[in-house]
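This report concerns only the one structure given below.
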Amino acid sequence: MREKELAILVSDRKYCLRFYESLDSESDHDPQEELKQLTKTAGAEIADCIRFDFLSPTPNFFIGKGQAEKLRDLCREKNANLVIFDHELSPAQQRNLEEVTETKVIDRTQLILDIFAQHATSKEGEIQVELAQMNYLLTRLTGKGIELSRLGGGIGTRGPGETKLEYDRRKIRKHITLLNKKLKKISLHRELQREKRKENMIPLVVLVGYTNSGKTTLINRLSAENFPHGDKLFLTLDSVMRRIDIGNNQKVILADTVGFIKGLPHQLMASFKSTLEEVNYADVLVHVIDSASVDVEGDFKVAVNVLEELHASDKPIVTFLNKADKLTVEQKRELQRIFPDGIFISALNGNNMELLKSKLFQLLKSRREIVKFSIPFERMDVLSMIHSQGKIILKKFENDGVKVTAEIPPALSGKLNQYKILE
Ligand code: GDP
Ligand code: MG
């Protein structure tokens, strides 16, 4: 076990001021909230938050030596062993800051990479994260190179990349090539896994939404209600997947995701997508919104764009307005106007969980229909289409072809009208 990380967060003073000016004075929103949440998601505790001027960054210390020394005093006072900058730092700035503060210093990108490393749930995801780490290292290896081992352990060094920090540029490139090869192999394996899951016909429900919107709280609440003693059957499946019953004996697998992150550095896009890869296999998406966020509508729009980029915008999706316990009656009314189909829930106190489950049930039910087909022998490709996309309930070979009763998605049903047996 590594020692607990106690972090000091450093943000831009000007940004924070602007943030406050744009809000009404009664607002209790905190401009550093997002960085705080990311830090917690990465598993560190927060010792203190401080704001410095990022206005004229210096090449040596970013915030200037004077402020860096202040930072060192704060680290000592608070016993902090980590400093997180809400900004990108050059390798030199990072190294110099570490020397002056005598504390490990990381930037936003490293923090997010660490979160991805912890949340990569599949081999594919792990490799994607490792690739991002390697590429990140490459961009930072300049001149005669930096001492890669100086970071020690903990945030910014975790994940599969951790033991390979001694690699020089050439070795890293070689390693990147190897990782890309591995990725190709794995995608084949994943295809097989997906087939297996389809055989079981338990729909996959994937939770999406911003970090901190309450996805993990929701998944824990739902599974605690269902399986107070732990779901033994699926313990081996994945740490972020839970099987629950949403009523009428309908089982679903709920999959958690790390979710969206605001201001994601561009170089982390591929890695970020890999943490959301489950979305592609989802039967239904559950969008968990923090309805007490400053800009709920803006958050929603960004989420829709991300789903589009993941080619998942045609998936059935249901929106839940979480943290409703924090809203006033007027706020609720306003939100309901913006999201007429949104359902208020509270993952924290369990409010409206039954409604959530029945909404899911309806959505899944409407996704499948039971149809009877008569398929001539020369169109066995139709049979394999049904087999691959639905579940065959009954199959009987007769003189003129195969009679099949199957449960299939509506999209497929629409394509096979000519083979349907109308009763
Ligand atoms: P995730 O990043 O989407 O998985 O979010 P988490 O489930 O980790 O929740 C982030 C924070 O929001 C935690 O401090 C939760 O306790 C809090 N939270 C989650 N759901 C609710 C809710 O319904 N009401 C309130 N008031 N807080 C909530
Ligand atoms: Mg979570």
Side-chain angles (χ1 to χ4, degrees), residues 7 9 27-30 32-46 49 108 111-122 125 129 155 158 205-225 238-242 244 253-264 271-272 274-279 282 285-296 299-300 302-303 306-307 317-329 331-332 335-336 339 342-357 359:
L9 311 186
S27 170
D28 59 353
H29 285 292
D30 176 357
Q32 285 177 306
E33 182 61 28
E34 200 216 341
L35 190 65
K36 283 183 190 170
Q37 284 305 332
L38 290 175
T39 305
K40 284 188 207 156
T41 307
E45 273 172 25
I46 297 164
C49 300
R108 205 184 145 81
L111 177 66
I112 294 173
L113 264 175
D114 187 86
I115 293 172
F116 288 169
Q118 289 183 60
H119 286 82
T121 55
S122 64
V129 173
I155 291 187
R158 253 193 303 260
V205 176
V206 177
L207 274 63
V208 294
Y210 274 98
T211 28
N212 194 40
S213 62
K215 298 177 296 299
T216 303
T217 311
L218 179 61
I219 219 164
N220 286 341
R221 168 158 294 277
L222 287 169
S223 56
E225 281 177 3
D238 212 313
S239 59
V240 291
M241 290 208 191
R242 300 270 191 284
I244 68 155
I253 292 173
L254 288 176
D256 198 2
T257 62
V258 61
F260 312 142
I261 290 173
K262 279 179 195 141
L264 190 73
S271 172
F272 160 72
S274 77
T275 66
L276 282 172
E277 69 189 333
E278 227 48 59
V279 162
L285 296 175
V286 164
H287 185 181
V288 182
I289 295 185
D290 176 356
S291 57
S293 143
V294 204
D295 182 16
V296 183
D299 289 357
F300 181 79
V302 175
V306 176
L307 289 174
I317 183 163
V318 49
T319 303
F320 292 107
L321 299 160
N322 192 33
K323 308 198 186 180
D325 54 286
K326 282 178 148 182
L327 302 176
T328 63
V329 176
Q331 283 171 323
K332 274 192 180 177
L335 281 171
Q336 194 76 83
F339 303 100
I343 296 168
F344 289 105
I345 57 164
S346 171
L348 198 66
N349 65 26
N351 199 21
N352 266 351
M353 288 300 115
E354 286 311 310
L355 190 59
L356 178 148
K357 285 192 256 181
K359 181 81 192 169

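Everything quoted here is computed from the prediction, not taken from an experiment. Ligands are counted one by one from 1 in listed order, and the atoms in each one are counted from 1 as well.
Residue Lys323 touches ligand 1 through backbone and side chain together, judged by heavy-atom distances below 4.0 Å. The part of Asp325 lying near ligand 1 is the side chain, judged by heavy-atom distances below 4.0 Å. By the criterion of a heavy-atom distance under 4.0 Å, the side chain of Asn322, and not its backbone, is placed next to ligand 1.
The residue among Leu207, Ile115, Asn212 with a heavy atom at the shortest distance from atom 1 (P) of ligand 1 is Asn212.
Of the protein's heavy atoms, at least one falls inside 4.0 Å of atom 19 (C) of ligand 1. Within a 4.0 Å radius of atom 12 (O) of ligand 1, the protein contributes at least one heavy atom.
Taking only nitrogen or oxygen atoms, main chain and side chain alike, Asn349 does not reach within less than 3.5 Å of ligand 1. Where the criterion is an N or O separation shorter than 3.5 Å, residue side chain and backbone included, Ala324 fails it with respect to ligand 1. Where the criterion is an N or O separation shorter than 3.5 Å, residue side chain and backbone included, Asp256 fails it with respect to ligand 1.
Residues satisfying the ring pair (Phe, Tyr, Trp, His ring centres under 6.0 Å) criterion with Phe320, sequence neighbours excluded, are absent altogether.
At distances below 3.5 Å, at least one donor-acceptor pair connects side-chain atoms of Lys215 with backbone N or O atoms of Gly209. Distance alone, capped at 3.5 Å, places no donor-acceptor pair between the Thr319 side chain and the His287 backbone. Panel note: side chain Ser346, backbone Lys323; no donor-acceptor pair is recorded below 3.5 Å. No donor-acceptor distance shorter than 3.5 angstrom exists from the side chain of Thr39 to the backbone of Ala44, with no hydrogens or angles considered. No donor-acceptor pair closer than 3.5 Å links the side chain of Asn212 to the backbone N or O of Glu34.
Contact atoms of ligand 1 toward Thr211: 2 (O) (distance under 4.0 Å to a heavy atom of the residue).
The closest protein non-hydrogen atom to atom 15 (C) of ligand 1 is Thr217 OG1, 3.8 Å. At the shortest separation from atom 16 (O) of ligand 1 among protein heavy atoms lies Leu348 CD1, 3.7 Å.
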